[in-house]
Peer 1: 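One structure coming up, written as structure tokens, with questions to follow.
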Amino acid sequence: MQITRNTRLLVLTGAGISAESGISTFRDKGGLWENHRMEDVATPEAFARDPRMVWRFYKARYEHSLQAKPNPAHFALVDLEKQLDRNFHLITQNIDNLHTLAGNRDPIEMHGSLRRCFCTGCDAHYAMEEIDLEPEIPLCAACGAPLRPDVVWFGEMPYHLDRIDSLLKNCDVFLLVGTSGVVYPAAGFVMTAKYLGAHTLAINPDASSKTEAIDEFHLGKAGEVLPRLVREWFP
Ligand code: NAD
Ligand code: ZN
């Protein structure tokens, strides 16, 4: 499928696009994320039970993300945005800030961001860099209540679903990068896009992530395949 400047392209990225930046994916390690079981660190129940542990985990993820650099796949998406301008939209399941760091204008962070937190009492929002991360449980400067990371945990509603819905309805090509086409919400998005007439493309080194809803599957690593495809589309 040839992409041109007139193609309305919607991209959805998952943990796989950041693998080559040294940020490990979740499912690739048998359900462990940095040696933690997901349900021990990424649920509202975990935070209610042991907020210190959850904060320790996210502080470490945040510190780690400050060291991480975008890889050629992230930069290929910046090139695509330059070519397509307003016809380009990017949704990410990642919380690592690498799309912004690479230079994409307005990535839709449907699972929030490691770089932000908010108050469980008064809902004030903060950038991580402006709060005191010393206390085991950082506290709100406005009301003193505990802060929590601004990431969407299992069992919580992803952000920006209305906007995503309208983008799915208005794209010609839907491209999945580094996220399995099998797991929700990505699986639902790709089916919706296809049902509404979009051409669907996926890039993944795991052949088993290809589903019937994917028209065109590119087997391989995002950092190798995506820059090559972008050079083919815009030589
Ligand atoms: P996942 O971890 O479930 O799956 C990652 C996918 O990436 C797999 O299909 C795998 O085959 C593929 N992959 C691995 N290496 C790749 C590469 N080099 N190039 C392309 N694809 C590659 O991914 P997910 O569904 O995005 O993760 C679940 C949730 O965990 C996410 O929604 C996210 O919120 C969170 N998470 C975020 C990060 C991050 O911010 N970087 C990292 C891990 C998990
Ligand atoms: Zn507060």
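Indexing begins at 1, ligand by ligand and atom by atom, following the structure's order. These figures come from a predicted structure and were not determined experimentally. Starting from 1, each residue takes its place in the sequence as its number.
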Peer 1: Within ligand 1, which atoms have a heavy atom of Gly14 less than 4.0 Å away?
Peer 2: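 So the atoms of ligand 1 that pass are 26 (O).
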Peer 1: Is the NZ or CZ atom of Arg148 positioned over Trp153's six-membered ring, under 6.0 angstrom from the centre and within 45° of the axis?
Peer 2: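 Yes - Arg148 lies over the ring of Trp153, closer than 6.0 Å to its centre and within 45° of its axis.
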Peer 1: Which angle, to 10 degrees, forms at the Zn ion (ligand 2) with SG of Cys143 on one side and SG of Cys122 on the other?
Peer 2: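 SG of Cys143 and SG of Cys122 make an angle of 110° at the Zn ion (ligand 2), to the nearest 10°.
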Peer 1: Using a strict 4.0 Å cut-off to heavy atoms of Ala222, name the atoms of ligand 1 that fall inside it.
Peer 2: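 Near Ala222, the atoms of ligand 1 are 17 (C), 19 (N), 20 (C).
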Peer 1: What part of His111 sits under 4.0 Å from ligand 1 if we count only heavy atoms: the side chain, the backbone, both or neither?
Peer 2: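 The side chain, only.
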Peer 1: Is ligand 1 under 4.0 Å from a heavy atom in the side chain of Ile23, in the backbone, in both, or in neither?
Peer 2: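 Side chain only; the backbone of Ile23 stays clear of ligand 1.
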Peer 1: Under a heavy-atom criterion of less than 4.0 Å, does Ser21 contact ligand 1?
Peer 2: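 Contact check Ser21 vs ligand 1: negative.
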Peer 1: In terms of atom number and element, which parts of ligand 1 are under 4.0 angstrom from non-hydrogen atoms of Glu20?
Peer 2: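 Every atom of ligand 1 under 4.0 Å from some heavy atom of Glu20: 17 (C), 18 (N), 19 (N).
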Peer 1: Among side-chain atoms of Asp172 and Thr7, is any donor-acceptor pair under 3.5 angstrom?
Peer 2: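 No - no donor-acceptor pair under 3.5 Å links their side chains.
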Peer 1: Any idea which of Gly178, Ala186, Ala187, Ala202 brings a heavy atom closest to atom 6 (C) of ligand 1?
Peer 2: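 Nearest heavy atom to atom 6 (C) of ligand 1 lies in Gly178.
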Peer 1: Can you tell whether the side chains of Lys221 and Glu20 come within less than 4.0 Å, N to carboxylate O?
Peer 2: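 Glu20 and Lys221: not salt-bridged.
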Peer 1: Give the atom numbers and elements of ligand 1 that come within less than 4.0 Å of a heavy atom of Ser180.
Peer 2: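 In order of numbering, the contacting atoms are 9 (O).
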Peer 1: Might you confirm whether atom CD of Glu130 has over 12 heavy atoms from other residues, nucleotides or ligands at distances under 6.0 Å?
Peer 2: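 Atom CD in Glu130 is crowded, with more than 12 foreign heavy atoms closer than 6.0 Å.
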Peer 1: List the steps and the verdict of side chain to side chain donor-acceptor pair (under 3.5 Å) for Asp150 and Tyr159.
Peer 2: CA-CA 11 Å; Asp150 191 5; Tyr159 295 148; 2.4 Å; yes
Peer 1: What part of Ala73, side chain from CB on, backbone N/CA/C/O, both or neither, has a heavy atom under 4.0 Å from ligand 1?
Peer 2: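 Under 4.0 Å from ligand 1, Ala73 contributes no heavy atoms.
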Peer 1: Is there a nitrogen or oxygen of Ile95 sitting under 3.5 Å from a nitrogen or oxygen of ligand 1?
Peer 2: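 So ligand 1 has an N or O lying under 3.5 Å from an N or O of Ile95.
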Peer 1: Numbering the atoms of ligand 1 from 1, which are under 4.0 Å from a heavy atom of Ser24?
Peer 2: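 In order of numbering, the contacting atoms are 42 (C), 43 (C).
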Peer 1: Is it true that Asp50 and Arg56 make a salt bridge, defined as a side-chain N closer than 4.0 Å to a carboxylate O?
Peer 2: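 A salt bridge is absent here (no side-chain N lies under 4.0 Å from a carboxylate O).
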Peer 1: Whether Arg61 engages the ring of Phe57 as a cation-pi pair (distance to the six-membered ring centre under 6.0 angstrom, angle to the ring normal within 45°) should be assessed.
Peer 2: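 Yes; both conditions hold, so Arg61 lies above the ring face of Phe57.
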Peer 1: In this structure, does ligand 1 have an atom that sits under 4.0 Å from one of the heavy atoms of Asn204?
Peer 2: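 Checking ligand 1 against Asn204, which is what was asked, there is a heavy-atom contact under 4.0 Å.
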Peer 1: For ligand 1, note which part of Ala15 has a heavy atom under 4.0 Å away: side chain, backbone, both or neither.
Peer 2: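 Both backbone and side chain.
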Peer 1: So, is Asp96 polar-close to ligand 1, with some N/O to N/O distance under 3.5 Å?
Peer 2: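 Yes; the residue has a nitrogen or oxygen that sits under 3.5 Å from a nitrogen or oxygen of the ligand.
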Peer 1: Look up atom NE2 in His199 and atom CE in Met1, then write down how far apart they are to the nearest 0.5 Å.
Peer 2: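 Atom-to-atom, His199:NE2 and Met1:CE are 5.5 Å apart.
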Peer 1: Which atoms of ligand 1 sit under 4.0 Å from any heavy atom of Asp206?
Peer 2: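 What qualifies from ligand 1 is 11 (O).
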Peer 1: Around Asp162, counting heavy atoms of other residues, nucleotides and ligands shown, do more than 12 lie under 6.0 Å from its CG?
Peer 2: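 Open: at most 12 neighbouring heavy atoms sit under 6.0 Å from CG of Asp162.
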Peer 1: Any Lys/Arg nitrogen of Lys210 or Asp215 sitting under 4.0 Å from an Asp/Glu carboxylate oxygen of the other?
Peer 2: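 Salt bridge flag = no for Asp215 with Lys210.
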Peer 1: Does atom CD of Glu232 have more than 12 heavy-atom neighbours, drawn from other residues, nucleotides or ligands, at distances under 6.0 Å?
Peer 2: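 Check passes, neighbour count above 12.
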Peer 1: Show which atoms of ligand 1 fall inside a sub-4.0 Å distance from at least one heavy-atom site of Ser18.
Peer 2: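 In order of number, 41 (N).
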